[in-house]
Amino acid sequence: MVPQIRWSHSHSGGYVFHNPGHYDVQPAYKSDGWNTDPWTLVEDAQGRLLGRGSTDDKAPVISWLFVIEAHQKLGLDFPVNLKMCFEGMEESGSEGLDDIIHQEAKAYFKDVDCVCISDNYWLGTNKPCLTYGLRGVSYFHLKVTGPGKDLHSGVFGGTVHEPMTDLIHLMGKLVTPDGKILVPGIMDDVAPVTEAENSLYQGLDFTLNDIYGATESKTTIFDTEREVLMARWRFPSLSLHGVEGAFYNPGDKTVIPAKVIGKFSIRSVPNQEPEKITQLVKDHINAEFAKLNSKNTIDIACSHGGKCWVADVNHWNFVAAANAVQRVFNAKPDYTREGGSIPVTLTFQDALQKNVLLLPMGRSDDGAHSTNEKIDKFNFIEGIKLLSTYLHEVSAQS
Ligand code: BES
Ligand code: ZN
């Protein structure tokens, strides 16, 4: 797809490999609360580029191509050898990609020196960061099946075990309103916070106002920056996402749904293992369900279980990125972890045994997965310069 790249003769000949990110996106409907059509890219008066996937992850993906195009048009030698991997199922757990990465570790990905993924965001709205950790995610479907078909609640209400009632009860046993996970044993493998680690939370470009801005609310569980960041980066969390099969349209419908599926996920941290999380969740739900004496049946399935990832920031890959931030933004980057998950990050690190870096373009208030997702034109353009400068800095390291 990319013709006539002039490779720099001075380069050592190894490859730098880039997973430029993913071109798939989350769903979006204008009725979710978008001000514009989510599927039409719109630039507003403040220079924000609005549209589903603008920050997550289309701007970073296309930016790698702009970097190549800029070198071609300017007649510049490309500083490194580049291998690409465009991903189209990141938002649904990267089904199948893990196997391919392992299969190709000694083939397509042979000679790769380092990996860089741009699929995350600055911590705040002003300062670039380099990201060295992500949480893992285990996604669950809890199905409760009862009557053979939907029923009239006037005729059958009070006479049958209702699947929704069982489900709401069980989902209420998963997490407290202040975020405490109720699954017994879930915290047992969480690595203790060390003294040295505490200092990492000082001096970061992050205030409570950043999270108030990003959430458009003041609904944080914690009231200090450290606690907020630790809750996001360092500890597991359990979120309830939705109920398939439940009545959700406007208006009143007096129905007893026959089968409902509750969706929830757990974000995991070192040293938690997805297999153990699944077992603990199943044991807990089965035990709680047994207490109900319900004649309905349940089924619990983990649809995706991905492990967390932490990288070594002392590696030359991070040094190259920090130098690039200094050159483009005249600033030292913050070193951050994140609460979200990118399944292939750990896969690349493990399968290739190479350092993986996350180099974000967008800001914390971009609204990935949310309504009115945007990337600021400033971040987009400076981000392209950053990716390009990073490649030159990588070349200077070798
Ligand atoms: N860009 C995000 C990952 C991310 C989120 C990085 C927040 C930093 C902060 C990515 O596109 C994403 O949303 N991943 C999914 C993966 C899941 C479906 C396996 C996620 O985290 O929910
Ligand atoms: Zn995403």
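Start at 1 and go down the list; that is how both ligands and their atoms are numbered.
For N120, no nitrogen or oxygen atom sits less than 3.5 Å from a nitrogen or oxygen atom of ligand 1, counting backbone and side chain alike. Looking at S341 next to ligand 1, an N or O pair under 3.5 Å apart turns up. In terms of polar-atom proximity, H369 is counted as a contact of ligand 1, with an N or O under 3.5 Å from an N or O of the ligand. Taking only nitrogen or oxygen atoms, main chain and side chain alike, E91 reaches within less than 3.5 Å of ligand 1.
A 4.5 Å side-chain heavy-atom check between K374 and R363 finds at least one atom pair inside the cut-off.
E373 contributes a side-chain N or O that, together with a main-chain N or O of S54, makes up a donor-acceptor pair within less than 3.5 Å. Within the 3.5 Å criterion, the main-chain N or O of G133 finds no donor-acceptor partner in the side chain of R337. Remark: side-chain polar atoms of D334 are not paired, donor with acceptor, to backbone N or O of L204 under 3.5 angstrom. With hydrogens and angles ignored, the 3.5 Å screen pairs no side-chain donor or acceptor of D376 with any backbone N or O of R48. Using a distance-only test at 3.5 Å, with no hydrogens or angles considered, no donor-acceptor pair links the side chain of E162 to the main chain of G157.
Side chains of T347 and D98: a donor-acceptor N/O pair is present below 3.5 angstrom, by distance only.
Using cut-offs of 30° and 60° for the angle between ring planes, the H392 and H71 rings count as parallel.
Residue H304 approaches ligand 1 through these ligand atoms, each under 4.0 Å from one of its heavy atoms: 19 (C). Each of the atoms 3 (C) of ligand 1 lies under 4.0 Å from some heavy atom of I342.
In this structure, the protein non-hydrogen atom closest to atom 17 (C) of ligand 1 is V137 CG1, 4.0 Å. The protein atom (non-hydrogen) at minimum distance from atom 5 (C) of ligand 1 is G340 CA, 3.6 Å.
With a 4.0 Å heavy-atom cut-off, ligand 1 is reached by the side chain of Y121 but not by its N, CA, C or O. Under 4.0 Å from ligand 1, heavy atoms of D119 appear from its side chain as well as its backbone.
None of the N, O or S atoms belonging to D57 lies under 2.8 Å away from the Zn ion (ligand 2). The nearest N, O or S atom of H22 is not closer to the Zn ion (ligand 2) than 2.8 Å.
Close to ligand 1: R267, with a non-hydrogen atom less than 4.0 angstrom away. Residue D57 places every heavy atom at 4.0 Å or more from ligand 1. Taking a 4.0 Å cut-off on heavy atoms, H22 registers as neighbouring ligand 1.
Looking at E91, its N, O or S atom nearest to the Zn ion (ligand 2) turns out to be OE2. Checked against the Zn ion (ligand 2), the N, O or S atom of D56 at the shortest distance is OD2.
Relative to the ring axis of Y108, K83 places its NZ or CZ within 45° and under 6.0 Å from the centre.
Residue L391 is grouped with residue V325 when hydrophobic side chains (ILVMFWY) are merged at heavy-atom distances under 4.5 angstrom, including chains of intermediate members. Y201 and F235 end up in the same hydrophobic cluster when Ile, Leu, Val, Met, Phe, Trp and Tyr side chains are linked at under 4.5 Å.
The residue from M89, E95, E87, E90 that puts a heavy atom closest to atom 10 (C) of ligand 1 is E90.
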